[in-house]
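For reference, the structure discussed in these notes is given below.
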Amino acid sequence: MGFLPLSFGLPAVLAGLIALPVIWWLLRLTPPKPQTEAFPPLRILARVLRKEETPHQSPWWLTLLRLAMAALIIFALAEPVFNPRERISTGGNAVAIVVDNGWASAPDWAMRVATAERLIADAEAESAPVLLAFTVDAPNAEIGPFDAQAARERLNAAEARPVPVDRAATYERVAAALGDVPNASVAVLSDGLASEADEAAFDRLLANAGGLIWATPQGVTEIGLTGTANEPDAFVVEAVRPTSDAGPRQALIAALDDRGRRIAEAELSFGAGEAAATAAFTVPFELRNDFDSIAVDGEAQAGAVRVLDENSRRRRVGLIAQGDGDEAQPLLSPLYYISRALAPFADLVEPTSADLGSAIPELLEQRPAMIVMADVGTLPDEAHAAMTEWVEGGGTLVRFAGPRLAAAEPDEDLLPVRLRIGERALGGTLSWTEPQAIAEYPQGSPFADLTPPTDVTVSRQVLAEPTADIVERSWVNLADGTPLVTGARRGDGTLALFHITPQATWSNLPISGSFVELLRRLVQLSRNQGPANAQAGNGEATLPPYRLIAAEGSLVPPTPDARPLAVSADAPVTLENPPGLYGSEEGVVAHNLLPQDAVLEPIARPQTPLLVRDVAYGFDEQVDLRGPLFAIALALMILDTLAVLWLGGKLRRPRAARAVPAALALALMGAISMPDAYAQEGDIQPGDEEAIAAISQTRIAYVLTGDSSIDAISRAGLEGLGRFLTDKTALEPGEPVGVDIAEDELAFYPLIYWPIDEGGEMPSEAALARIDAYMQDGGTVLFDTRDQFGAGFDAGSASPSTMRLRDILANMNVPPLEPVPDDHVLTKAFYILPEFPGRFNGSPLWVEASQTLEEAADRPVRVGDGVTPIMITANDLAGAWAIGANGAPMLPTVPADPMQRVYAYRAGVNIMMYMLTGNYKSDQVHVPSILERLGQ
């Protein structure tokens, strides 16, 4: 019973407020105890003319004080609660709480735990036992019944796991336990996503239940990555979102290398009503080979991260020819031009045997992405069957014509087209009066975006049999319309045929640059078939866990419960095989969370005749006011006691009593007259008020670049650093100030943060002179290029921001610089820090170089006196410090490591402590020698 946002556990106690008038009447009629006075005759004579009587009733202020104290006690006894929540009655003999702790629960796991704690507290109030189960847990995990304390301990020990939920198995165990506790309420705390066989699982769970408490997130907005493909012109990423999230949505995805560095970005766009979307990284093929993982910004869950293995990197290509070339004439070898063209961007493997019956199985054991066969005719039956199976499983087979292929029987399984039967020697069917040039590449061909060569001609070729689909299968044509390169799909694989030899005998194409382009495009079309050391067909081949994806999406070392992965089977993602990389430094296999055909459907509340109560996820924000009210009542009681003692004369000292009002009056008069006196003596000038405001509190300044987005991040970053300084140190800085270096006074600020904007205008010489004078007079400027350079200022290749910084510093008196040494005061000014990360963690912090001493013992701490006037970094410190209006970080760190942001704040604290206190810590090491010289 109560009114929002206040309620009372015992509202009947409020009836005691009716007694307040009676209490008032009694207090008014109860006079305070008369004060006692000494009885010296002279004091009586001195006061004989003073009429002083004891009041017949209590003073009004004392009565009011006591009435307030009585009212506070009555309110406290009524158990008031501010912002109360509705208690969820279990409505049965027990409550069974089933919590989804799969990958989709990671973003709001803390809120899910808080909701479960409320349910446990409500069950404790009704003395009901608690069953607690998690949908991702060991099969033999205990589920209760527990008492409230044991249930809380088990809840606090649980955590979100990066695997799908298994509701069917968990609900089965809970349903079996409910058989011993009939008529129990079941609380389902779901992650909002549906799973297989949900309907049957809910039917089994609610069969013996007495009621249902249903909790689900307000909105399910997770984004999951389901697949990647290294296409010829881009690296394509496929993503899905819940079908209930129907509005248009955009997200940024990042490609990370093996050290977690961000090397590429792409935009992912979902249209209205679309549940799937794709994004493309249009970066060079060489850079795509460095992709180690793909992650969605702002998604702290395992489904938004996808790790990559060799299938997305440099391809292995097998080479085979039917017959050895003349070693004395390597240019006539059928594989010479092919190997020279493929070597720069593929790993080439060749069989040790020339026998096709053993050479082809040997190549297939290496699991190449592509196999090139140069003038190979008829294959042995076993090799032919193995090659066909390999192509249909996803391999890419590229064949070159020649005398052997021209004389072989038609092979519809391993050729994209049927070859024409007939004599193909020079002077026969394939003889032309003039060599033929290459025509424009057809639309739909994988080479359509390439430029055909103008200097390539063909004098001989094998001809394709005209068929209805010959046009679709022609990837390169000659000027007379006959196909030069044909291709077709076979199962999941690809077949391609060059209708010429790989030597420069039938055509000069093998010695042209276009030959390299065509083969490179075919390599890009292929995909790796797995690690080279994995044994196909061996069901017992396993790989140990190498790096795993945590529930919040970060890559972590293997957990103790992770087991080796069977690479030959389509192993599901489980607790024993969580998503991540399996293998070793020599080679890994990616085991990702979401399959290619994954669909994120919202969970449906089960249809049941039971009483269903909906509960919203959230933290318990109610506040019990009994303690504060009792504390205030106690304080009023102490004031009442002091007042009674004062009225009774126990605390009275005549001289002191008269002195206190006099002192207060003098202080008030001084405070009133001080501004006038200052105005008369100081004669305030225009701008003095701003100067007084600037120096009355320590404030950090930042340079206004003219770019609103950069300036907003700078201000938000310095505000975040100010909050951290207030929480962790004795310094309470004021609001950050944006300064125009050409106009504003800079001397008021100990530190100026300057984010370098390569797209902005170059500061004027006068402005740079003012900055130079500011640094010479003791100020410090922190330059931040925000581009995470790591090669230093003398590197041959510098970013635009670094080049702009060089232009700025070229007109200034900059001292010699060096990265912060390990023994510099900055590393120990407040926190012990080995590095100074920001949003990025790859660039050193450059400061004024220390004076070089010959012996390390003579210099226990660097930079003996003074503070460096300049600092330079590229780690985007303000981006790591920046917080929004709700106090949450505005930008993610790279990599997404929560501790990196903490270290960034600590780096800011060290910089401010160093700026404000100088090198006082470096002087401490000299104290023993100073005392020794003084003879102490």
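Values below: every heavy atom of this structure, side chains too, minus hydrogens, waters and symmetry copies.
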Legend entry - Test side chain to side chain contact (heavy atoms under 4.5 Å, CB included) applied to Gln596 - qualifying residues, sequence neighbours left out: Glu238
Inset, instruction - Only one of Arg249, Arg306, Arg241 passes salt bridge (Lys or Arg N to Asp or Glu O under 4.0 Å) with Glu299; say which it is. - result: Arg249
Legend entry - Minimum heavy-atom distance Ala551-Ala160, with the two atoms named: CB-O, 3.3 Å
Inset, instruction - For Ala279 and Ala266, work out which heavy atoms get closest and say how close. - result: CB-CB, 4.3 Å
Inset, instruction - Evaluate the ring planes of Tyr831 and Phe724, with Trp represented by its six-membered ring, and classify them as parallel (under 30°), tilted (30 to 60°) or perpendicular (over 60°). - result: tilted
Legend entry - Residue among Leu611, Thr608, Asp614 satisfying side chain to side chain contact (heavy atoms under 4.5 Å, CB included) with Leu212: Thr608
Legend entry - Short N-O contact, Asp137 and Arg173, less than 4.0 angstrom: no
Inset, instruction - Measure the spacing between CE of Met111 and OG of Ser105 and express it to the nearest 0.5 Å. - result: 12.5 Å
Legend entry - Other residues, nucleotides, ligands: >12 heavy atoms within 6.0 Å of Glu196 CD: no
Legend entry - Atom pair CG/CG of Leu543 and Leu581 - distance to nearest 0.5 Å: 11.0 Å
Inset, instruction - Please check if the side chain of Arg715 supplies one atom and the backbone of Pro736 the other of a donor-acceptor pair under 3.5 Å. - result: yes
Inset, instruction - Determine yes or no for a side-chain-to-main-chain donor-acceptor pair under 3.5 angstrom, with Asn875 supplying the side chain and Ser843 the backbone. - result: yes
Inset, instruction - Please answer whether the main-chain N or O of Gly303 pairs with a side-chain N or O of Gln301 as donor and acceptor at a distance below 3.5 Å. - result: yes
Inset, instruction - First locate atom CG of Leu268, then atom CG of Leu252, and finally report the distance between them rounded to the nearest 0.5 Å. - result: 9.5 Å
Legend entry - Side chain Asp100, main chain Gly102, donor-acceptor under 3.5 Å: no
Inset, instruction - Measure the acute angle between the ring planes of Phe134 and Trp109, then classify it against the limits of 30° and 60° as parallel, tilted or perpendicular. - result: tilted
Going by atom type alone, with no hydrogens or angles, which donor-acceptor pairs under 3.5 Å involve a side-chain atom of residues 198-207 and a protein atom two or more places apart or on another chain?
{"unit_1": "Asp198", "atom_1": "OD1", "unit_2": "Arg167", "atom_2": "NH1", "d": "3.3"}
{"unit_1": "Asp198", "atom_1": "OD1", "unit_2": "Ser195", "atom_2": "OG", "d": "2.5"}
{"unit_1": "Asp198", "atom_1": "OD2", "unit_2": "Arg167", "atom_2": "NH1", "d": "3.1"}
{"unit_1": "Asp198", "atom_1": "OD2", "unit_2": "Ser195", "atom_2": "N", "d": "2.9"}
{"unit_1": "Arg204", "atom_1": "NE", "unit_2": "Glu172", "atom_2": "OE1", "d": "3.2"}
{"unit_1": "Arg204", "atom_1": "NE", "unit_2": "Glu172", "atom_2": "OE2", "d": "3.4"}

Inset, instruction - Applying side chain to side chain contact (heavy atoms under 4.5 Å, CB included) between Val163 and each of Asn577, Val573, Thr574, report the one that passes. - result: Val573
Legend entry - Between CG on residue Asn841 and CG on residue Asp876, distance to nearest 0.5 Å: 12.5 Å
Inset, instruction - Using side chain to side chain donor-acceptor pair (under 3.5 Å) as the criterion, point out the one residue from Thr135, Thr559, Asp561 that pairs with Arg161. - result: Asp561
Legend entry - Spatial distance of atom CD1 (Ile263) from atom CG (Leu256) [nearest 0.5 Å]: 7.5 Å
Inset, instruction - Go through the steps for Phe281 and Ile253 under the test side-chain contact (heavy atoms from CB on, under 4.5 Å), then give the verdict. - result: CA-CA 9 Å; Phe281 293 91; Ile253 60 175; 3.7 Å; yes
Legend entry - Donor-acceptor contact present, side-chain Trp881 to main-chain Ala904, <3.5 Å: yes
